[in-house]
Each structure stands twice: as structure tokens, then as C-alpha cells.
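Structure below; questions to follow.
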Amino acid sequence: MTSDYERWTRYLDYGGPPPLPPPPSPFDSLPKFDLLRNLPVAPQPDPRPKVFVSYHHKRDQGWCDLFRNTFSKDLRVFTDRSLSARVRSDDPEYVNRVIREDRIVGSSVTVVLCGPETWKRKYVDWEIRSTLHHEKGLLGIVLPTATRDAQGSRLIPDRLFDNWRSSFAHVIEWTSDPEAVRGALREARRRARTSSNLIDNSRAKMARNLS
């Protein structure tokens with residue numbers, strides 16, 4: 001049996017004037033819902049860089065807390081991928097694996113906070129070494145407490161200095177300006193993407209702390 005709606009649509013096919021108003025469509029009785037509103041919303045990626053902070057835990061914990069609390073928790077300039085505490089183990093290969101696999105691989109930039117004795121610490125050297133091995137961004141932030149040499153220059157870890165000299169690593173002075181930190185992280189990431197050929201990881205891995 002032909003419905004009024006089907007007769008009306010056929011009438012249009014033959015070019016005749018459609019009767020007004022059109023009869024109701026059989027689809028009008030179906031429940032109405034908004035398909036777009038029921039589609040799952042894809043999660044948006046977090047645009048903030050993932051940062052691993054390398055520092056001398058004994059001397060510079062306060063500076064690290066200030067840096068992470070200010071720029072990660074409060075101002076949300078970056079996502080913190082740092083270790084909550086120093087890995088406690090006498091097995092150096094285990095420590096190196098935890099640093100490499102659990103934190104640095106999942107980060108986009110390693111920030112080295114350069115205090116008075118950071119350049120003496122083997123773990124800092126290992127963290128920089130692993131950062132370069134995985135071609136992640138490298139940013140040095142020189143703290144106001146950093147030691148000066150006889151020429152008045154601030155002392156930073158040797159491997160960081162090698163890559164600052166090659167123009168792969170980016171180094172800035174300590175700042176409380178979030179835009180300056182955001183820009184420095186952006187520059188470190190840019191160099192990692194475009195200038196990995198400048199990486200200098202030739203220095204032997206530190207076997208012990210210098211003091």
C-alpha cells in the first residue's frame with residue numbers, strides 16, 4: 001500500500017505542482033537526538049612542554065622547588081616530569097636506566113639548574129648525557145648562587161658547556177618572568193628539532209663526584 005508521503009514524492013518526480021503542505025514523513029515519528037552531541041570528544045593534547053629538571057639535590061633543592069612550583073604548578077608553563085626524589089641504589093646502571101626510561105624519554109626538554117656545585121655532580125652529568133643521547137632539548141638556567149671562575153664566568157657542568165659552545169644547548173640566567181622561561185623552553189625544543197647535528201656527547205661519563 002502506497003503511503004501519502006510516497007505519492008507526494010512521486011508527484012514531484014513527474015513535474016507536477018506539489019500539494020501544500022506535504023504530508024508528514026514516516027521518519028517524523030522517530031525519536032529525535034543530536035548525533036554530534038553523542039559523539040565522544042577526542043582529548044586535546046597538552047601543548048605545554050614536558051620538562052625533566054636536573055639539579056644538585058643537596059645544595060639546590062630550594063631553587064628546584066621554587067622553579068617547579070612557580071612555573072609548573074602555579075603558572076602552568078610546563079608539565080613536570082622530574083623525579084620526586086633521588087633514586088636510591090648502589091647500582092649505577094639501574095640508576096641510569098630509571099633516569100633514561102622513566103623520565104627523560106618521556107620529556108621534551110631537560111632543564112639543568114646550575115648552582116654552586118652542580119658542575120661537580122655525576123648524576124647531573126648522566127642526566128645531561130642521556131638527554132643528548134635521546135636528542136631532547138637542553139636548557140641550562142644559571143642560578144644566582146652559581147660559582148664564578150677566575151675570569152668571573154659562571155661555572156656550569158662540562159657537558160652542558162660543550163653543547164652551549166656547539167650552539168645545541170640554550171643557556172639563560174635565572175628569571176622569574178614566565179614568558180622568558182616559556183620562550184627559553186621553546187628555543188630549546190626548536191634546537192632539538194632542527195640542530196641535533198650539533199650535539200656533542202663525546203665527553204667520558206663522570207665516574208664519581210668531584211667533591
Q: Kindly say whether G137 contributes a backbone atom to a donor-acceptor pair with the side chain of R191 at under 3.5 angstrom?
A: no
Q. Taking side chain as C-beta onward, heavy atoms only, is L185 less than 4.5 Å from V111?
A. yes
(Q) Any side-chain to backbone donor/acceptor pair from R159 onto R203? Under 3.5 Å, distance only. (A) yes
**Q.** Pairwise distance OH(Y55) to OG1(T118) - rounded to 0.5 angstrom
**A.** 11.0 Å
Q) For the side chain of D125 and the backbone of M206, is there at least one donor-acceptor N/O pair under 3.5 Å apart? A) yes
Q: With side chain to side chain contact (heavy atoms under 4.5 Å, CB included) as the test, would you mind laying out the steps for L138 and F168 before giving the verdict?
A: CA-CA 8 Å; L138 181 58; F168 176 76; 4.2 Å; yes
Q. Just how far is it from atom OG of S176 to atom CG of L66, taken to the nearest 0.5 Å?
A. 9.0 Å
**Q.** Taking every non-hydrogen atom, the tightest pair across P144 and W174
**A.** CD-CB, 3.7 Å
Q.
Within the 4.5 Å heavy-atom criterion, are V112 and I156 side-chain neighbours or not?
A. no
Q. Does the N163 side chain pair with the main chain of I199, one donor and one acceptor, at a distance under 3.5 Å?
A. no
Q.
Can you give me the closest heavy-atom contact between R121 and N209, atom names plus distance?
A. NH2-ND2, 3.0 Å
Q.
To check you understand the geometry: which heavy-atom pair defines the closest contact between G140 and L160, and what is its length?
A. CA-CD2, 4.0 Å
(Q) Test your reading of the model: is there a side-chain donor-acceptor pair from K136 to the backbone of S107, 3.5 Å cut-off? (A) yes
(Q) Using a 3.5 Å distance criterion without hydrogens, assess whether the side chain of T147 forms a donor-acceptor pair with backbone atoms of P116. (A) yes
Q: Verify, without hydrogens or angle tests, whether T131 (side chain) and E127 (backbone) share a donor-acceptor contact under 3.5 angstrom.
A: yes
